[in-house]
Each structure stands twice: as structure tokens, then as C-alpha cells.
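Heads up: numbering here begins at 1 and tracks the sequence.
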Amino acid sequence: MLSQKKLESKTEQLSIINQFSSSLLQITQLDELFDYVTSQVVSRLGFVDCVIYLADEHNEYLEEVASMGLSSQNANYQVIQTRIPIAQGITGYVARTQTAFVSADLSNEPRYIADSRPALSELCVPLVYKEQLLGVIDCEHPEPNYFTDGHLQILSTVAHLLSAKINQVRTLNHLTQTVDQLNQAQQLEKSLLKIANIAYKSQELDAFYDDIYTIINSQLPAENFFIGLYDKHADLLEINYLVENETRCNASQKIVKAQLKDTASYYIISNSRPLLCDHVDFERHIAQGHFKMIGRSPTSWLGVPFTVNEQYQGVIVMQSYHDHKAFNRHHLAILTYISRQVSMAIDRQLSRQALEHRALHDELTGLANRYLLLERVKHAILSHERSQQKKLHCLLYLDLDRFKSINDALGHDVGDHFLVAIVNVIKGSIRRTDTFARLGGDEFAIFMENVQDKQQVDIALERINNAIAKPLQIDGHILQASGSIGVAFTSDATDNAITLLQQADAAMYEAKSSGRGRVRYFNNAMRKKLKRQADIENDLQRGIKNHEFELYFQPIFTLNQPHIVSFESLVRWHHPSAGLVPPDDFIPIAEHTGQIIELDLYLLDLAAAQLQTWRRAGHPTVRITVNVSSRHFASLDFVEYMRSLYIKYQLPNGTLCLEITESGLIENLTLATRIIHGLAPLGVKLYLDDFGTGYSALGYLHQLPIHTLKIDKSFIDQLTHKENPLVDAILSLAQSLKLNVVAEGIENPKQWALLKRKGCQLGQGYLVSKPLPASQAMALLIKHTDVALSI
């Protein structure tokens with residue numbers, strides 16, 4: 001051991017260096033390495049102290065990592081200068097220049113920074129590996145001229161060995177850390193991919209939240225965790241998923257505005273920024289008034305807000321109460337990614353719910369639609385099988401009286417607002433368990449499950465009628481309504497939901513026919529009528545297939561110098577068992593069931609074929625008009641069908657024309673206009689049938705590319721006894737718009753004379769002829785004129 005003496009031989013130096021070298025090979029931890037070097041330098045070289053400093057990553061400071069010294073006063077030696085700027089002192093100089101420094105007398109050395117035990121001699125060598133500064137080894141002695149060249153050589157060799165060992169240990173630690181990070185990164189990547197996958201595939205949010213928490217807990221363990229959805233409209237935060245003390249809480253919590261505004265969650269929602277806090281940061285935010293302490297103070301708090309849609313914002317919050325579970329910025333990045341996946345999953349779920357709601361509810365009123373109503377009726381009927389006690393369910397079918405006049409007189413916006421108001425009024429008069437549905441237009445249904453008897457229904461009907469009867473102020477108008485209500489019951493598991501709706505509908509029509517504000521219960525007479533309608537519905541398809549329909553033709557004639565100018569075709573059904581069925585018995589049913597479309601196309605084909613037959617027989621060219629449903633004016637395909645008939649039967653332009661009621665055109669005004677324009681190249685004329693029975697067309701008449709108005713028979717009937725100002729108004733309107741007018745239902749000479757005097761050009765009615773089969777109609781045409789006139 002060298003103590004208070006110089007190194008005496010190279011052999012002694014090599015012995016010390018070999019011992020250092022072999023010992024350094026066995027040590028794998030840096031702390032042990034530094035402690036060994038400092039202790040051996042002091043003990044083997046006879047120094048009074050030895051300090052190892054390491055440079056920081058930016059080479060701005062030297063940080064003390066190990067020290068050893070001898071002291072007569074204190075066995076626990078500690079160096080005071082634990083952190084030295086690399087720009088200061090002898091150690092800083094050695095670090096900057098990467099060259100060793102030896103001083104025999106520090107009293108004249110300006111760079112010397114005295115420690116608690118001032119020295120006169122100093123030996124400092126750099127720790128350098130491949131020109132990269134690692135640190136310095138600094139040794140001091142209270143005697144002057146203490147350190148020799150032998151000391152310098154040994155300490156420089158030790159520094160070289162130590163530098164290589166430091167680099168080796170650091171490289172190994174870095175590799176180990178890199179492997180750990182790669183493993184963590186792989187686990188994290190798998191977790192994030194799994195989150196993205198379940199976010200895309202998840203159908204139920206509760207199951208999605210469970211999966212999310214399981215994955216999050218493997219990466220970011222925390223005692224408390226919740227996902228909340230903030231409704232901006234209601235200023236309400238609903239906790240959709242909650243874990244407290246690592247235990248799932250099933251109860252959903254709603255935090256109202258008064259409580260919400262004081263929370264850290266609301267703070268990050270309102271600022272749209274995440275928040276990562278330790279205990280001190282959390283207390284600082286509280287002191288600054290950003291939020292208040294609710295519950296116990298967390299050791300670590302992490303919250304991330306996210307946007308769902310215009311109505312909702314979300315927030316994910318994690319809380320830890322242990323130091324070993326503190327969150328960092330890496331955790332913040334992970335939770336931010338997760339929040340985006342949660343946002344997309346919630347948005348998809350809300351969109352799906354909105355679509356499902358729209359699919360099952362009326363857009364204007366928010367009520368159940370026909371499909372949802374029938375599903376609930378079906379479910380209630382099935383409950384008959386499961387119940388030992390007999391249950392009675394009731395369906396009310398409500399049609400508002402005079403609603404059309406409100407729409408016509410005040411416009412559809414007022415009509416819509418009126419409907420919404422009526423719905424809210426009715427809601428207040430029925431049970432919360434009742435299904436209230438809008439079936440279309442001004443028709444509604446109320447399904448009452450588990451009623452005791454007819455008396456309970458009577459009481460409910462009285463409440464509903466009283467509610468409807470109260471005047472309502474709508475957009476500055478005082479409006480009052482009444483309703484016609486049909487009632488039907490079901491008490492058997494064999495009943496059918498559609499049948500129950502049909503029964504209530506039939507009862508409603510009976511109520512409406514009896515006057516306004518009436519109620520009718522479905523009975524046997526109505527059942528027989530429904531049976532007949534159902535039979536007709538079933539037979540219609542067969543009738544078209546078996547060519548059981550025939551067209552009759554009623555002439556349209558001029559009132560001045562009478563000539564027949566065209567025919568209106570009217571359908572008759574030769575039913576194999578019921579005989580000749582008039583159109584009033586089956587056309588409304590066909591319209592209601594949608595069979596009218598196929599029937600119309602079939603009748604148009606019959607009319608076109610008849611025109612071709614007459615032409616081939618050499619008869620005069622004449623025009624035929626065919627009544628068609630407004631449903632055809634909802635598709636441009638109708639134009640193509642008419643064009644195909646003209647081509648198939650080689651018809652002259654303008655010979656096959658159409659009649660439609662005014663309400664049918666108003667329902668699809670824009671599209672109807674396009675269709676009429678599309679028919680123009682074929683010369684197809686459009687006759688507006690039953691004009692005057694509704695007032696909606698008066699406002700739109702100038703927009704419609706029609707050619708002829710037909711005044712309804714009900715107005716012509718009145719001309720037998722008195723003048724009818726409405727007829728004069730229609731004739732004046734037609735003249736101003738340069739339209740032809742056909743007066744329907746002329747049955748006596750007085751009507752003819754009055755219409756002729758008023759300037760009406762054309763007429764139709766039994767005074768000239770009732771509808772006739774094709775052969776008789778052509779014979780009548782030939783008898784009355786040699787050449788059919790164009791209108």
C-alpha cells in the first residue's frame with residue numbers, strides 16, 4: 001500500500017493497474033464501479049480524497065457521482081462541490097480540453113475552487129471514450145508537490161479503463177432499455193390496434209367500454225377511470241363508464257350544471273385541452289380557481305377531452321393515488337389516441353341510434369311511425385299467449401277534421417306547427433305507456449295496452465277530444481280542431497296487427513262520415529265491409545291478369561254547334577262472381593293498396609290499343625283521355641312508358657291524353673311539372689279533373705303546364721236551380737290563363753244553355769250520352785260529326 005510516499009517502481013504501478021483492470025471487468029453496475037474506483041484510489045495511491053464527476057448530456061455541468069476521502073474529524077467524507085459548471089474551475093478546464101492537469105501549488109492557481117478542506121496539490125484527469133467526454137477524476141492533497149508522474153500515469157490509465165467500462169455498461173444498459181422499450185412498444189401497438197379494431201366493430205357501447213378499460217389498464221394502471229359525455233345543449237355531463245378503486249360501477253351518473261362547473265373535467269372540456277397533473281399541479285389549479293377539490297386529492301390526474309358531434313363532447317379521466325402509478329406525457333399521448341377511437345365509436349353509435357330513431361319515428365312530430373306502432377301491437381298481441389289472465393288492448397285511429405283547409409288557407413308551415421301543437425296537447429291527455437304514432441298527414445294512432453274495459457277507453461277518448469277542442473294560437477292565428485276517432489280492440493293471440501289497424505281505420509271512416517268530432521267502435525257491419533274490400537284487393541291482381549277490365553267511353557262535346565271531339569275512358573270490371581263492379585267500388589281500394597299503378601298502366605295500354613283498332617278500321621281520329629293516379633307523377637319512368645305506348649301502337653301525337661285530380665299534382669309540383677314537359681313532344685294534353693273541389697290548385701295553377709280544366713259535376717248540378725259564382729270564377733280564370741274548360745255532369749238543357757252563355761266551350765254528361773262500350777261510342781261519334789275536332 002502506498003501511503004505518504006512516491007511510487008518506487010514500474011512493477012508497483014503495473015500491479016495496481018492490473019488489479020484495477022481485473023476488478024473493473026467483474027463490476028456491472030455504474031454505482032459500484034464509481035465507489036470501487038474512488039475507494040481504491042484513496043487506499044492504494046495514498047490520496048486523501050478522490051471525486052468522480054460525470055458530464056451532463058449537453059456538456060454544460062459536471063455532476064458528482066462518487067467521492068472518497070480521509071478525515072481526522074469525520075469518517076463520512078462528502079465533497080461540497082457536487083455540481084460544477086463545465087466553464088469553471090480546474091475540473092471544468094480538464095473537461096473542456098480533455099487533457100490531464102497536475103498542480104504542485106494551488107495557492108497561485110486562479111482556476112482553483114476551494115472545497116471544505118483546501119488543498120495545495122491537485123491531480124485531475126479526463127474520462128474520455130473515443131473523443132467523447134464522459135467526465136473527470138479529481139484528486140487533491142493538502143501538501144504541495146505531492147503528485148508525481150507515476151500518480152499521473154496510473155490515474156490516467158485508470159481513467160482510460162474506467163471510461164471504456166462506463167461506455168460498456170451504458171451501452172449494455174441502453175441495449176437492455178431498448179429491448180424493454182421495443183417490448184413495451186409492441187405491447188402498446190397491439191393494444192392500440194385492438195382498440196381501433198373494437199372501436200370499428202363494436203355494436204354496444206357498454207361492451208366497448210369494458211374492452212377499452214381492460215386494454216387501458218394494462219398500459220396505464222389507475223385506481224379511478226371514467227368516460228363522460230357532455231351534452232352542450234343541456235349543460236349536463238353523463239358518466240357513461242365508471243371505475244372506482246379498480247371496481248366497475250354499473251350506475252350511470254349525471255352531473256348537472258351547478259355541480260359540473262366546479263370540476264376538473266369541465267375545466268378541460270371548456271378549454272378543449274388535455275390536462276396532466278401531479279399532486280402539486282392539481283393543488284395549484286385549485287388555488288388559481290380553475291376548479292375545486294371534489295373528493296380526495298389525487299397523486300396524479302390525467303384527462304383528455306374529445307369532440308363527438310355538434311351536440312356532444314366527451315372526456316376520459318384517470319386518477320391515481322399512488323406515487324408508483326404516476327402519469328407522464330407518454331401516457332397522455334396514449335390516452336389522446338384512445339380518446340379519438342372512443343370519439344369515433346360514440347359518434348357511430350349515436351349516428352346509428354339517430355338512424356334507427358328516424359327509421360322508427362316521424363320526422364316532424366317525433367312520434368312513432370307506422371312500422372314501430374305495428375311492432376308494438378304485434379308484441380302486445382303475443383303477450384296474450386304468455387298471460388294467464390285475459391288482456392284487452394285497444395287501438396285508436398284519429399283523423400283531424402278540417403286540417404286540409406288550414407293547410408290550403410294558411411300554408412304548410414302553419415299546418416306543420418299546428419300538427420306539432422296538437423301532438424303535444426294529446427300527449428298530455430294519454431298515458432305515458434301508450435304508443436302514440438303518426439300514420440301520415442293528419443292521421444294518428446294511439447295504442448293502449450292492458451285496458452280494463454270499454455269504460456276506461458271512453459274516459460280516455462273524452463280526455464283526448466277535450467284536449468283537441470281547445471283553441472290553439474299558431475303563428476298569430478287562433479285555430480281549433482276536432483277529430484274523428486275509430487276504435488278497435490284485440491284480446492286474442494290469433495289477432496293480427498295489420499287487421500287491427502284496418503279495423504280502427506274503418507271505424508274512423510265511419511266516424512268521419514257521420515260528422516265531425518265523432519267516435520265509432522268497430523262492429524260486425526264494418527267487418528263485412530272490410531271483408532268485401534279485402535276480397536276486391538285479392539281479386540284485382542287476378543282481374544288484370546285475366547283481362548277482366550273493359551273501358552267505356554263518355555263523349556266530350558262542344559256546346560256551340562255540337563260535335564263530339566273526344567272521349568273520357570272509364571273502367572268497368574267484369575268480375576267472374578260479383579258481375580259488373582263500378583269503379584267507385586274498387587278504385588279507392590286500388591289507390592290505397594298501391595295496385596292502382598299497375599291497373600293504370602294496364603288501362604292506358606287498353607286505351608292505346610282501342611285507338612289503334614279504330615284507326616285501322618278507318619274511323620275518324622279521336623282523342624281518348626285516361627284517368628291516372630297522382631303516383632305516376634312521382635317518377636320520370638312514366639314519361640318513358642307513355643312514349644313506349646305511342647311507339648307500340650303507332651299513335652298520332654295528342655291522341656292518348658291524361659286526366660288527374662288537382663291534389664295529385666300539388667303533392668309533387670316540381671316533379672309533376674318536369675313529367676308534363678317530358679310528355680309535351682308526344683302532344684299529350686293534361687286535363688285537371690274535378691277542378692274546384694279543392695282550393696289548393698288556385699295558387700299554383702299558373703305554374704302548371706296543363707291544358708284543360710274540368711269543372712266538377714257538383715257545381716254544375718247547382719245551375720239547375722240558381723247561379724253558381726264559382727263556375728263564373730273558374731271560367732274567368734281559365735280565360736285569363738288561356739285554358740279550355742269542360743263542364744262535367746250536364747244533364748238538362750238549362751245547364752247547357754247557361755254554360756254556353758257564360759262562354760264555356762266544352763261539356764260532358766248524360767244529356768248527350770252516358771259512358772258506352774267502344775263500338776257504341778264510335779257509332780255515336782260518326783253520327784254526330786264526320787271529323788273529330790281538336791281541343
Side-chain angles (χ1 to χ4, degrees), residues 408 554-559 565-570 591 596 600 603-604 607 622-643 645-646 651-716 726-745 755 758-764 789-791:
D408 293 342
Q554 187 174 32
I556 296 174
F557 47 84
T558 57
L559 297 180
V565 295
S566 62
F567 290 108
E568 177 185 358
S569 62
L570 301 162
E591 187 78 49
I596 191 67
D600 281 352
L603 297 180
L604 282 166
V622 69
R623 175 177 300 149
I624 291 178
T625 62
V626 180
N627 291 276
V628 294
S629 168
S630 61
R631 294 169 184 250
H632 297 290
F633 286 81
S635 172
L636 290 171
D637 292 341
F638 185 58
V639 176
E640 291 304 315
Y641 182 77
M642 289 294 293
R643 185 177 290 117
L645 289 180
Y646 268 83
L651 303 180
N653 278 6
T655 52
L656 181 62
C657 295
L658 305 173
E659 291 197 19
I660 186 172
T661 59
E662 57 181 296
S663 59
L665 286 181
I666 301 308
E667 290 170 3
N668 305 285
L669 183 62
T670 302
L671 186 54
T673 303
R674 290 181 61 193
I675 291 172
I676 297 169
H677 283 309
L679 294 172
L682 301 174
V684 175
K685 306 295 182 183
L686 191 74
Y687 291 62
L688 205 55
D689 199 14
D690 300 334
F691 189 75
T693 55
Y695 301 98
S696 57
L698 291 175
Y700 299 98
L701 198 57
H702 65 284
Q703 302 178 39
L704 295 169
I706 58 175
H707 310 89
T708 301
L709 302 180
K710 298 189 76 174
I711 304 176
D712 187 67
K713 180 179 182 298
S714 60
F715 300 113
I716 305 303
L726 187 56
V727 172
D728 295 332
I730 293 173
L731 289 170
S732 176
L733 178 64
Q735 185 178 9
S736 66
L737 295 175
K738 297 182 180 179
L739 300 175
N740 290 310
V741 177
V742 177
E744 297 182 295
L755 289 165
K758 293 176 183 292
C760 182
Q761 308 102 319
L762 303 164
Q764 181 179 351
L789 301 181
S790 173
I791 59 169

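The CD1 atom of Ile706 lies 5.5 Å from the CG atom of Leu739; values are rounded to the nearest 0.5 Å. Atom CZ of Phe567 and atom CD1 of Ile624 lie 8.0 Å apart (nearest 0.5 Å). For the atom pair CG of Leu679 and CG of Leu686, the computed distance is 8.5 Å after rounding to the nearest 0.5 Å. To the nearest 0.5 Å, the span separating CG on Leu731 from CG on Leu733 amounts to 9.5 Å. To the nearest 0.5 Å, atoms OH (Tyr641) and OG (Ser635) are separated by 13.5 Å. Taken from SG in Cys760 to CD1 in Ile716, the straight-line distance is 7.0 Å, to the nearest 0.5 Å.
The nearest pair of heavy atoms linking Asp712 to Ser714 is OD2-OG, 2.6 Å. Here the shortest heavy-atom pairing between Val626 and Ala607 reads CG2-CB, 3.6 Å. Contact record, Leu755 with Ala743: CD1-CB, 3.5 Å, taken as the closest heavy-atom pair.
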I would like to know whether Leu604 and Phe638 meet side-chain contact (heavy atoms from CB on, under 4.5 Å); could you show each step before the answer? CA-CA 11 Å; Leu604 282 166; Phe638 185 58; 3.8 Å; yes
Set out, in order, the CA-CA distance, both residues' side-chain angles and the distance that settles side-chain contact (heavy atoms from CB on, under 4.5 Å) for Val742 and Leu709, then state yes or no. CA-CA 6 Å; Val742 177; Leu709 302 180; over 6 Å; no
List the steps and the verdict of side-chain contact (heavy atoms from CB on, under 4.5 Å) for Leu636 and Leu671. CA-CA 8 Å; Leu636 290 171; Leu671 186 54; 4.2 Å; yes
As a quick check of understanding, evaluate side-chain contact (heavy atoms from CB on, under 4.5 Å) for Thr558 and Leu762, giving each step before the final call. CA-CA 5 Å; Thr558 57; Leu762 303 164; 3.8 Å; yes
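A salt bridge between Glu744 and Lys713 is absent, with no side-chain N of the basic residue lying under 4.0 Å from a carboxylate O of the acidic one.
Under the side chain to side chain contact (heavy atoms under 4.5 Å, CB included) criterion, Gln735 pairs with no residue at all, not counting sequence neighbours. Qualifying side-chain hydrogen bond (donor to acceptor under 3.5 Å, both in side chains) partners for Gln554, counting only residues two or more places apart in sequence or in other chains: Gln764. Listed by chain and residue number, Asn740, Val741 satisfy the side chain to side chain contact (heavy atoms under 4.5 Å, CB included) test with Gln761 (two or more places apart in sequence, or in another chain). In this structure, Ser569 has no side-chain hydrogen bond (donor to acceptor under 3.5 Å, both in side chains) partners at least two apart in sequence or on a different chain. Residues satisfying the salt bridge (Lys or Arg N to Asp or Glu O under 4.0 Å) criterion with Arg674, sequence neighbours excluded, are absent altogether. Asn653 meets the side chain to side chain contact (heavy atoms under 4.5 Å, CB included) test with Tyr646; sequence neighbours excluded.
The shortest distance between side-chain heavy atoms of Asn627 and Leu570 falls below 4.5 Å. In this structure, Thr708 and Lys685 have side chains that are not in contact, with every pair of non-hydrogen atoms separated by 4.5 Å or more. Ile711 is not listed as a side-chain neighbour of Leu726, based on a closest heavy-atom distance of 4.5 Å or more. Looking at heavy atoms from C-beta onward, Ile676 lies in side-chain contact with Phe633 at the 4.5 angstrom threshold.
A side-chain donor-acceptor contact under 3.5 Å links Arg631 to the backbone of Glu591. Between the side chain of Arg643 and the backbone N or O of Leu682, no donor-acceptor pair lies under 3.5 Å. With Asp689 contributing its side chain and Glu659 its backbone, the two residues share no donor-acceptor pair below 3.5 Å.
The one candidate from Val628, Ile675, Thr625 that meets the side chain to side chain contact (heavy atoms under 4.5 Å, CB included) condition with Leu658 is Val628.
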